[in-house]
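Below is one structure, written out as structure tokens; the observations come after it.
Side-chain atoms are counted along with the backbone in the values below, which use heavy atoms only and exclude waters and symmetry mates. What you see is a predicted model; the values in this text were computed from it and never measured.
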Amino acid sequence: MINLIYDSAESTHPPNFRLKEGGTTNCCEAPMRKRDLARSAMLLGWSIVAGLLFSTPGLSYDKPSRDQAEKAIRASVYDTMKAFLTVDVQTFKRRSTQRTLNLVNLVYEAAREDPRFQEELRTARITNADEFLRFFLQGMANQYLQAAPMTPEQAAKRVATDAGVSFTTDSDARIVVGDSEFARAKLVAKEWKIDLTEALKKAVLKEVASPEMRARIKSF
């Protein structure tokens, strides 16, 4: 039988132990076991706390709920729609996906190359993409508000409230108004942004004549 005994010759503080063949356990064995149990309990406690504090983002309890995500999407839809109807370029850019903004830049390029719009751009003194975005939003907002006589705030609230939100993944959702898809919501850097690319493409293709530019827009 192997037991631990206290070796007074080695040290007095902290206690040292050595193995002894046979015999009985020294009286110091019980305090040692208590210390071991206390140390083990403390380590177990810290492992649980560490697991809670440093858990990976992929675990389900670290993800926002679908209800929270839908609420955030509707808020983003409201901001985007209001910015569109009030021609608030900065808010529209902040709430829109980069894909949407890239499409607007492509449309600006098409307008500069089309003789039908060149004079209009010169008259409006449009010399860069942001100015074109303002011009672009103004024209579409006027058409929308003429067709639906209400304030921009009322129109934005109506769309944000009535739109259907259908998740395809944890980072993508379809936004449907009536029977058609109005936009997509994309989770980008923990913020839901609105992708109007497909809806804008339909409106833009009605005006673009160049076959080359039409092909670029369709494949965008």
Side-chain angles (χ1 to χ4, degrees), residues 72-163 165 173-178 180-220:
I73 289 171
R74 292 187 186 279
S76 188
V77 168
Y78 176 85
D79 287 349
T80 304
M81 193 67 181
K82 182 181 175 183
F84 160 57
L85 295 174
T86 58
V87 196
D88 181 349
V89 171
Q90 294 307 313
T91 299
F92 184 85
K93 289 176 66 176
R94 179 170 57 84
R95 284 300 201 176
S96 298
T97 62
Q98 190 59 49
R99 182 170 178 245
T100 299
L101 300 178
N102 288 343
L103 175 62
V104 173
N105 292 339
L106 182 58
V107 175
Y108 174 48
E109 182 182 339
R112 286 189 304 169
E113 295 177 359
D114 193 325
R116 296 176 301 159
F117 301 114
Q118 289 172 353
E119 183 61 32
E120 191 173 358
L121 293 178
R122 282 194 295 267
T123 302
R125 297 180 179 179
I126 296 171
T127 60
N128 58 54
D130 275 2
E131 291 174 353
F132 177 77
L133 177 56
R134 182 181 298 278
F135 178 76
F136 184 77
L137 293 177
Q138 184 69 67
M140 298 191 71
N142 288 341
Q143 294 179 28
Y144 186 95
L145 292 174
Q146 286 173 6
M150 58 182 72
T151 66
E153 290 79 10
Q154 289 171 331
K157 184 177 180 179
R158 182 174 180 178
V159 172
T161 302
D162 295 348
V165 177
R174 298 174 65 245
I175 302 172
V176 178
V177 176
S180 60
E181 184 174 294
F182 164 69
R184 300 293 284 246
K186 304 286 187 179
L187 186 61
V188 181
K190 298 183 180 180
E191 181 180 1
W192 284 99
K193 292 182 179 290
I194 305 303
D195 189 336
L196 292 162
T197 306
E198 296 305 319
L200 291 178
K201 280 167 65 172
K202 294 178 182 178
V204 165
L205 287 170
K206 295 177 181 179
E207 303 295 335
V208 176
S210 167
E212 180 184 352
M213 191 59 71
R214 288 179 62 84
R216 289 178 62 187
I217 292 172
K218 286 180 179 180
S219 63
F220 194 79

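Other residues, nucleotides and ligands contribute at most 12 non-hydrogen atoms within 6.0 Å of the CZ atom of R158. Remark: K157 NZ is loosely packed, at most 12 non-hydrogen atoms of other residues, nucleotides or ligands lying under 6.0 Å away.
For the pair L205/I217, a side-chain contact is recorded, criterion being any heavy-atom separation below 4.5 Å from C-beta on. Considering only heavy atoms from C-beta on, E120 stays 4.5 Å or farther from T123 through its side chain. Between F84 and R95 there is no side-chain heavy-atom pair separated by less than 4.5 Å. Two residues are said to be in side-chain contact when any heavy atoms from C-beta on lie closer than 4.5 Å; E131 and V89 fail this criterion. The closest side-chain heavy-atom distance from D88 to K82 is not below 4.5 Å.
Here the side chain of R74 pairs a donor or acceptor atom with the backbone of A163 at under 3.5 angstrom. Judged by distance alone, with hydrogens and angles left aside, the side-chain atoms of R116 form a donor-acceptor pair with the main-chain N or O of E207 at under 3.5 Å. For Q118 (side chain) and R112 (main-chain N/O), a donor-acceptor pair under 3.5 Å exists by modelled atom type. The backbone N or O of L196 lies less than 3.5 Å from a partner atom in the side chain of T100, making a donor-acceptor pair.
Pairing each heavy atom of A160 with each of V77, the nearest pair is CA-CG1, 3.9 Å. Scanning both residues, M213 and L106, for their nearest heavy atoms gives SD-CD1, 3.7 Å. Contact detail for K193 and S76: the closest heavy-atom pair is CA-OG, 4.3 Å. The shortest heavy-atom contact between P152 and T86 is CB-CG2, 3.6 Å. When all heavy atoms of A185 and W192 are compared, the closest pair comes out as O-CZ3, 3.5 Å.
We find that D195 and K186 are not joined by a salt bridge, their nearest charged nitrogen and carboxylate oxygen being 4.0 Å or further apart. Note on R122 versus E119: salt bridge recorded, some NZ/NE/NH1/NH2 to OD/OE distance being below 4.0 Å.
Separation of atoms CG (L85) and OH (Y144) is listed at 6.5 Å; rounding is to 0.5 Å. Atom OG of S96 and atom CG of L133 lie 8.0 Å apart (nearest 0.5 Å). Distance check, rounded to the nearest 0.5 Å: CD1 of I126 to CZ of F135 gives 4.5 Å. A distance of 11.0 Å separates OG1 in T197 from CD1 in I194, rounded to the nearest 0.5 Å.
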Query raised in the report: When you look at F182 and V176, which way does the side chain to side chain contact (heavy atoms under 4.5 Å, CB included) test go after all the steps?
Result: CA-CA 5 Å; F182 164 69; V176 178; over 6 Å; no
Query - Worked check of side-chain hydrogen bond (donor to acceptor under 3.5 Å, both in side chains) between N142 and Q138 - result: CA-CA 6 Å; N142 288 341; Q138 184 69 67; 3.1 Å; yes
Query raised in the report: Is there a side chain to side chain contact (heavy atoms under 4.5 Å, CB included) between L101 and Q98 once you walk through the steps?
Result: CA-CA 5 Å; L101 300 178; Q98 190 59 49; 4.1 Å; yes
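For residues 210-220, every residue pair satisfying the side chain to side chain donor-acceptor pair (under 3.5 Å) rule, not counting sequence neighbours, is listed here: E109-R216.
Shown here are the ring-ring contact (aromatic ring centres under 6.0 Å, His included) partners of F132, two or more places apart in sequence or in another chain: Y108, F136.
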